[in-house]
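First up is the structure itself, then whatever we jot down about it.
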Amino acid sequence: MRKKTRGVYASKMKRATHMLFYRRHQKPGVKGWELHKALGVDYPKVLEILDDHLKDLDLQVKTVFEEEKTPAAKPTVEELDKARFYITLRGDLTPKEAKMIGWRIDDLAGLAVTIAHIISKKGQAPRKDVEKLLGEKLPGWKVGINIDRYIRYGYLQQDENDLLYLDWRTRAEVDEKALIKLLLSGDAQTTLTTENTNDEESSEEEQEDE
Amino acid sequence: MQSSKEQKKSGREKLQRIIDMMQDIENRKVDPFMLDVDSILKVVKEYFPQWEEADELTLDSEVIHHLASVIKLQSEWVKHSSTSLYTDPFLLEEKIDQAGKGEMLHVFLGAWRPLVELEQLSMNSLAAAMRYWDSLVPLKDRWPDLDVQEVAMGTTSRDELVKQRVLGDKFFSDELEAYWEELKEKVKAKSADGKIRYWDFIGADTYEATVERAFLTSFLISYGYATLEIHRLEEEIFIKPFEEPNTEVLSQQSISIPIAVTYKNWEKWKRGELD
């Protein structure tokens, strides 16, 4: 890349970083057309370079296409303009780290169960069914509070018939295929269970300390 | 042997039960494959020759309509089953049931990529905020106190309020009754079918008077002195007075019908362009 071009891309990357890291609207993330307007038609290239830089920090630029219609081939600029872009973690969090960012094990496990259940029900499930499912392992008073919290955070949405759906945050943060695959894969469960014991013990100790 | 009347009754009940079940399926309370489409069609076919009344035929078409929705749900289910995201819900439920909290957490952490956001003030934004603050006019200048003189409390009479135009010169109920009489007379004089075009009744020489008449008309309808007849296709609205006030409407769930009484419409009505 020539020096001048490199300079242009460096400046565009800075602008993209500001736009993506700082919340500009009620919901986080930036629409493609906003990036298009601010960075020019070559904004996908800018995001590609930014994504490459973020690799070292274990972060990534995540693209969520409109109505979950991920294009089979290389997305067109039109499709990208309609998509929303976020910065998310690239790798996995450990349970301790998850706790550090404000999640209790119970709440996060409840979220996992809820999302998996809704996916298995073709993307929608009656709230009552989810409450029943969570109620098997969480105290009754907590179930409703947790579901309302998931809705408030944007992981779920509820319609007037009390049906729950996956919302924008789940689409941005959760790899649905990976979640189901991990849940169904016996191997993952065995290895994870062994790892899990120590972590769970230590995190429970920490919770007691609080 | 069942009489034809009894057969019809039993047929109607059967169709109603089928509709209820299909509604449960549409509301995702029941698995769409619980319904045997062939047997439903058999029932529909069995009773169809007996239907004569409009409501019976409506019931029959309602069954077909819901059946189409259920078949659509079944086809969606099959389509979803062929995608990579499909998982047998029973298998998944079993897995969820067996998994401990910690295990579930580990699984989720393997698929969860939380968003990253920053919240931070910059010197630029602070400086811009300071500039804004400096240019902001103080509240006492933006919202000056109203110069209101304090007066002693006193009493007033109805006549005084009428003079100050706080109240009208008639009691509202009297005014409404008189207005109702006017409507009845106009309808008698102008039409043989007991109704009058809405605008022909509320329209007056001035726009203000028209709005006032529209306001009173709304009470005539709300209090059961008259009713509206709306012809949606022709976009015509008629007002039809009752001979006696219909008190039943007061106890029924009412619906609001917005009618635009705009200056433009009033001008059109004056020119005779508003049909």
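Naming convention: chains lettered A, B, ... in sequence-line order (proteins, then strands); numbering from 1 in each chain.
- Environment of CZ in B:F48: sparse, with no more than 12 heavy atoms of neighbouring residues, nucleotides or ligands closer than 6.0 Å.
- Remark: the backbone N or O of A:F21 is not paired with any side-chain donor or acceptor of B:E117 at under 3.5 angstrom.
- Among A:L59, A:T88, A:L20, the one residue that satisfies the side-chain contact (heavy atoms from CB on, under 4.5 Å) test with B:V116 is A:L59.
- Among A:D129, A:V113, A:L111, A:D92, the residue with the largest count of heavy-atom pairs under 4.5 Å with chain B is A:D92.
- Note that the CG atom of A:N161 and the CD atom of B:E26 stand 11.5 Å from one another [nearest 0.5 Å].
- Nearest heavy atoms, A:I105 versus B:L105: CG1-CD2, 3.8 Å.
- Taking the side chain as every heavy atom from C-beta outward, A:L108 and B:L109 approach each other to under 4.5 Å.
- For the atom pair CG (B:L115) and CH2 (A:W168), the distance works out to 5.5 Å, reported to the nearest 0.5 Å.
- Between A:Y155 and B:W112, the ring planes lie tilted relative to each other; the angle falls in the 30° to 60° range.
- Using a 4.5 Å cut-off between heavy atoms, A:Q124 touches chain B through its side chain atoms alone.
- Residue A:R23 places its CZ atom among more than 12 non-hydrogen atoms of other residues, nucleotides or ligands, all under 6.0 Å distant.
- In this structure, the separation between CZ on B:F108 and CG on A:L179 is 7.0 Å, given to the nearest 0.5 Å.
- Between atom CG of residue A:L183 and atom CE of residue B:M104 there is a gap of 4.5 Å, rounded to the nearest 0.5 Å.
- A salt bridge links A:D106 and B:K101; the closest N-O separation between the charged side-chain nitrogens and carboxylate oxygens is under 4.0 Å.
- The CZ atom of B:R113 sits 8.5 Å away from atom CG of A:L93, with the distance rounded to the nearest 0.5 Å.
- Contact annotation for A:R90: only backbone heavy atoms (N, CA, C, O) come within less than 4.5 Å of a heavy atom of chain B.
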